[in-house]
4 protein chains.
Amino acid sequence: MEKSDGTASISHDSLLSALPNNVTESTPASAGQTIARSTKREDILQAAKHLFARSGYHFTGISDIIKRAGIARGTFYLYFKSKKAVFDELVEDVLFRVIDSAKPVIPGEPPDMDAVIRQVRINIAHALGALLSDRNLAKLLVSQAEGLDHDTENKLREFYGALTDWLAESLTEGQELGIVRPGNSRLMAIAAIGMLRGMIWAWAVGEEDIDIHEAVEELAAIAVEGILMRSRGGIQ
Amino acid sequence: MEKSDGTASISHDSLLSALPNNVTESTPASAGQTIARSTKREDILQAAKHLFARSGYHFTGISDIIKRAGIARGTFYLYFKSKKAVFDELVEDVLFRVIDSAKPVIPGEPPDMDAVIRQVRINIAHALGALLSDRNLAKLLVSQAEGLDHDTENKLREFYGALTDWLAESLTEGQELGIVRPGNSRLMAIAAIGMLRGMIWAWAVGEEDIDIHEAVEELAAIAVEGILMRSRGGIQ
Amino acid sequence: MEKSDGTASISHDSLLSALPNNVTESTPASAGQTIARSTKREDILQAAKHLFARSGYHFTGISDIIKRAGIARGTFYLYFKSKKAVFDELVEDVLFRVIDSAKPVIPGEPPDMDAVIRQVRINIAHALGALLSDRNLAKLLVSQAEGLDHDTENKLREFYGALTDWLAESLTEGQELGIVRPGNSRLMAIAAIGMLRGMIWAWAVGEEDIDIHEAVEELAAIAVEGILMRSRGGIQ
Amino acid sequence: MEKSDGTASISHDSLLSALPNNVTESTPASAGQTIARSTKREDILQAAKHLFARSGYHFTGISDIIKRAGIARGTFYLYFKSKKAVFDELVEDVLFRVIDSAKPVIPGEPPDMDAVIRQVRINIAHALGALLSDRNLAKLLVSQAEGLDHDTENKLREFYGALTDWLAESLTEGQELGIVRPGNSRLMAIAAIGMLRGMIWAWAVGEEDIDIHEAVEELAAIAVEGILMRSRGGIQ
DNA sequence: GATGAATGAGTGTTCATTCAT
DNA sequence: AATGAATGAACACTCATTCAT
């Protein structure tokens, strides 16, 4: 994406299209009332999020959700058409958070490595922060959403696909600008996203005690320097 | 682990302990017969693997498995005590493959960076190869095993925990030997494993067309050099 | 049991303890409503009683019960947690009826043989009447409750044990008061209870056409002339 | 039954007809071999008897029986056409033993009360002895055979019916001869058989510690002083 | 005769969803 | 809008019986 002012940046509009329907306005009609917006819907989402994260989708029953939300059985179906619908909304919520956190990196003219690295660091911090703010949501994404059904699998596939496309494209542009190491940018993108996911997983599921600032530093360091020491020069 | 000859290496015995019982010989007794090994057990495993990978554990019924394996209902329970038992065996199978592929890296005296990198590359190739040989098995590990019961979740957690411990320890030793960049070795380990998982996931679930050799090269390159270019020097 | 006024009587409190929990109020909460008591629960019990008595516990399926009760499969489990639970409630019901019918015999001072016999006859009438009012319930007690699981078997064993203990004790006291023939009172108790059971069985299972009044008379006659003391004579 | 010599006695031929097929020759054909008669059939019966008595018909599987009998699955069906067939044979065995033990009481001319009582006592001893010799068989009869299926229920009904008929008839004849108290002889018969059953049940199921001689004495005492005529007196 | 791998009809129970009130 | 009693399709698993060897 070549901007008119000559600087290159990667918009994240394409990422948003990965979500089936726009999540921003997921509240029910409820036209008449302006204040005291139905809190029940939110109660259900909160209860379900907690339970899905703790016990998993399949082991969480409608009974559990309504008990925790403090509503009656039938009421549940007033706000959501199915158990799956609640899950879907929660998943879309996480995905949106992550997408929303991805900001284009603008190298400047001429490319200023230091600035780039700062921006990368900020991007990583945002992506991590988006998920690490809600352990249950993170858990949902990394350990419940997968392997559920074909719909969810597809949604996830699309999401990660779009994320990978976007990052790979960004890296390719970065290579052209000389700020990204030569190589298969798509594989780099996959690896980079994998690192982030690994961090989230370790924190959410593995229950590692991860300090977000340290994690951001380390990920940025790997991005810049890799893991192994170099005697001199690069890889042979 | 300091070996008597001065060279350091990391055994992977600790990794093996992550598996509840040794998987290598899980076939039933059937002592007498030497030939004509019961093919039914294998049929069931194959059928279940395919279906679990395609539709998920919960959406795969015994009916589906026996239909695909071409056996009767009761026959299934002649070979496995439950649906869960089949799944467990499949999961242990993948875990064992991965564990088996992890080989210690011996830097030599004095540390020869080139040799180290070669060995790292081999390790990556093994780990990837162990899983990329069977897409369904890979899918099982990265996307189906989670969100199941707590037992399986714990097994997986333990597995990744042991893998992380092992790699983190290796990296720490590497730092002492000056072949690994300074930094939080545990976070490095998490990130490194995340990269591998990301690769697997992209191939198994995202259905990316990944060339194993290229993937190994790129991962090794990231390990050695990171992703971003460096003006000179490391991160500021 | 020696009462302070010199008269002896046998309380049947010990018998009640044979029942695991008090059966009298086994209806579900449903606090608010006063009228329109859930008839479904009763429907299920009636249907199950009929079927258990006709075909036996093991040959009666949930399908049979719900078909006869005119409800759906799931509805059954709204009122009972298992097929066994229905059976248990029915059994406890019979046991309670029998226990409830046992009233202490008070000989008076000095012992009035005629009064004693009248009371014995009343006791027999109660015990028989409690069961002969419901053929299916009777059948359950004498021919279905056995051969089930150990829990039920134990409950029954305990019940008959308590009944025997109580009667044997009563007879022993009667012997001390000179209104019961000398002899092994425990064996007498077993025989007496056996007679009653035999009567019930013949009516419920053997489908004998038994007139309750005649049966009471005959049993009383045997009791009076066989167990109770006579002016002179006895076994040679 | 009026015998030609003027004495009355009750044959028990009618009782034998209660058994569907004559039990005496229940061994399989196996024509050729005279010696070394197949012990397997007996092994199965023994094993089944033990298990049925211990765990009940429904909780005893073919697997249990063959394991205990030390034979293979298929072999079982070489000797019995079904699990039920084994049970039936065992039940018929008990019934036959009881029937076999019933001997006619011959009062003599003129009726000798002492002789009659002796014979009654012997009859009771035989009936009890037939069952008390094998606790498992007794248990089968009193606690497993009932409530099984309609076939068995009918067989049992017929058996007890015939037994009752026989005893009632005997009692009626006794009344005519003046050795049995007036009254409903059928109800007397039912009560008498009930006493015996009660004794057996208490011993086999209730696990009472019953001395057979004492039991015979007590039952005889009840019979003599409750059912048989006395010089003077009777029910008031 | 003896075997035991294979069978499949049958079981009790669950739970997301509906709908009359 | 809110309720919760009622629903019934779907499930994993059992076990008496058969039959090719």
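Lettering follows sequence order; numbering is per chain, from 1.
At a threshold of 4.0 angstrom between heavy atoms, the contacts of B:S63 with the nucleic acid are absent.
Nucleotide F:dA10 holds its P atom 18 Å from the CD1 atom of B:I65, rounded to whole Å. Atom-to-atom, NE2 of B:H58 to P of F:dA12 comes out at 10 Å; the value is rounded to the nearest Å. If you measure from atom NZ of D:K81 to atom C1' of F:dA16, you get 12 Å, rounded to the nearest angstrom. In this structure, D:I66 places its CD1 atom 13 Å from P of F:dC15, rounding to the nearest Å. One can place CZ of A:R41 at 13 Å from P of F:dA1, the figure rounded to the nearest angstrom. If you measure from atom NZ of D:K67 to atom C1' of F:dA16, you get 16 Å, rounded to the nearest angstrom. Nucleotide F:dA12 holds its P atom 14 Å from the CD1 atom of B:I44, rounded to whole Å. The interatomic distance linking A:I62 (CD1) with E:dC15 (C1') rounds to 9 Å, in whole Å.
Taking the charged nitrogens against the carboxylate oxygens, A:D149 and A:K84 do have a contact shorter than 4.0 Å, which makes a salt bridge. Salt-bridge formation is detected for the pair B:E89/B:R41: a Lys NZ or Arg NE/NH1/NH2 atom is positioned less than 4.0 Å from an Asp or Glu carboxylate oxygen. Between D:K49 and D:D134 a salt bridge is recorded (basic side-chain N to carboxylate O distance below 4.0 Å).
Sequence order on DNA chain F of the closest nucleotides to D:K84 and B:Y57 puts B:Y57 first from the 5' end.
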Are there any protein N/O atoms within less than 3.5 Å of an N/O atom in nucleotides 5-7 of chain E, and if so, which ones and at what distance?
residue	atom	partner	partner atom	Å
E:dA6	OP1	B:K40	NZ	2.3
E:dA6	OP2	B:Y79	OH	2.4
E:dT7	OP2	B:A72	N	3.1
E:dT7	OP2	B:T75	OG1	2.6

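Between C:F87 and C:F52, the ring planes lie perpendicular to each other; the angle is over 60°, past the 30° to 60° tilted range.
Taking only side-chain nitrogens and oxygens, A:Y77 comes nearer than 4.0 Å to OP1 or OP2 of E:dT17.
Taking the centre and axis of the six-membered ring of B:Y77, the NZ or CZ atom of B:K83 falls outside the cone set by 45° and 6.0 Å.
With a 3.5 Å ceiling on both atom-pair distances, the Watson-Crick or G-U wobble partner of E:dT18 is F:dA5.
Considering A:K155, A:E153, A:H58 as possible partners of A:L148, the one that fulfils the side chain to side chain contact (heavy atoms under 4.5 Å, CB included) test is A:H58.
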Query raised in the report: Should C:T60 and C:R54 be marked as a side-chain hydrogen bond (donor to acceptor under 3.5 Å, both in side chains) after you check the CA-CA gap, both sets of side-chain angles, and the distance that decides it?
Result: CA-CA 9 Å; C:T60 299; C:R54 195 185 67 186; over 6 Å; no

